[in-house]
Amino acid sequence: MTIRTPAQLREAGLIPPERTSALEAVAARYAVALPPALAELIDRGNPRDPIARQFIPDSAELKVQPDELSDPIGDETHSPVEGIVHRYPDRVLLKLTNVCAVYCRFCFRRETVGPGKPGALSRPALAQALDYIRSHQQIWEVILTGGDPLVVSARRLREVTKALGNIAHVKVVRIHTRMPVAEPERITKDAVRAMKASGKATYVAVHVNHPRELTAQARLAIARMADAGLVLLGQSVLLAGVNDTPEMLEQLMRALVECRIKPYYLHHGDLAPGTAHLRTDIDTGQTLMRSLRGRSSGLCQPAYVLDIPGGHGKSPIGPQYITRAGENGSAHYVVEDYNGCRHRYAPAR
Ligand code: SF4
């Protein structure tokens, strides 16, 4: 059974009794859900366990920093109708639900996900959102998100992917989910069939932050999706105390590739309220990305990205490997290899 309260966390031996009342205050503010597949992974003897750190509430969540924002990536600014975020010309987010199987303590939408929060899409609102997509010819890609879009029933999801399959100008459907690691048993054959939008390229971006999340069960669920022809991408969040070492980041990226998931994004932590204790700084992220390039195959390299606060979209913030040097007639490029050695390359015009 999914754990949803600090009292249940205490009963499961996941927090000491003396922390319960402090965490009640956190749970009253931000949703808690910890499904069995992830609860079982937590090492109860390790106070710094990286799985616990992601999902067990912490009193630090009530300390909001001055630069943190309730809508850190500016969804609201770009929402023309309920359920749609239209930030870039050729693609939209379609937020099907505000519920997740697990609530991550660093969630960028923590003010809008969870029971009692606004944002669940009613049937009329979904119809209106689909009308918006139909009437905007420039929409080439639709990204199903939430919450977690795989929380909805396979029947409802099939209705949505079928509707998208019937929109000629939509060529790509992308589903963002944490379900394969949170509740792998929900990735049934029926659910996988429902994910596929007929006649469209369907991508599934699986959110994984630590290699231990890829349990045997999760790997089976992922294999079910890959075998069905879904193209799998990885998205991970760089998190202090979870994956912010060269060794752990390398293990994570290798594990994803071994599961047929191509690492796509490594997100720098968003300025969500009460998440400073889980964020690294950008210098650390760049150093880790350099190290990753030195240590592992090109398949293991995600784009390190920052969602610019205020809704200005994502920008790559990874390390640079090429610079200009010299002046006028002697101007040229200097390019750095994976060992950090610099080489002269061709004159710059
Ligand atoms: S699964 Fe995604 S939307 Fe849900 S809590 Fe985690 S980060 Fe937020």
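Ligands are counted one by one from 1 in listed order, and the atoms in each one are counted from 1 as well.
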Q.
Just to confirm my output: which protein heavy-atom neighbour is closest to atom 2 (Fe) of ligand 1, and how far is it?
A. His207 ND1, 4.3 Å
In a table with atom names and distances, give each donor-acceptor pair under 3.5 Å that connects a side chain of residues 314-325 to protein atoms at least two apart or in another chain.
{"from": "Lys314", "atom 1": "NZ", "to": "Asp307", "atom 2": "OD2", "distance (Å)": "3.4"}

(Q) Can you confirm whether or not the ring centre of His86 sits under 6.0 Å from the ring centre of Tyr132? (A) yes
(Q) What protein N/O/S atoms are there under 2.8 Å from atom 4 (Fe) of ligand 1, waters excluded? (A) Cys100 SG
Q. For His210, which of Leu252, Leu41, Ile51, Val181 qualifies under side-chain contact (heavy atoms from CB on, under 4.5 Å)?
A. Ile51
Q. What about Phe106 and Ile73, same hydrophobic cluster or not, with Ile/Leu/Val/Met/Phe/Trp/Tyr joined at side-chain heavy-atom distances under 4.5 Å?
A. no
Q. Going by heavy atoms in the side chains, are Arg290 and Thr287 under 4.5 Å from each other?
A. no
(Q) For a side chain to side chain donor-acceptor pair (under 3.5 Å) check, start with the C-alpha distance between Arg109 and Thr145, then their side-chain angles and the critical distance, and finish with the verdict. (A) CA-CA 11 Å; Arg109 295 204 176 109; Thr145 181; 3.2 Å; yes
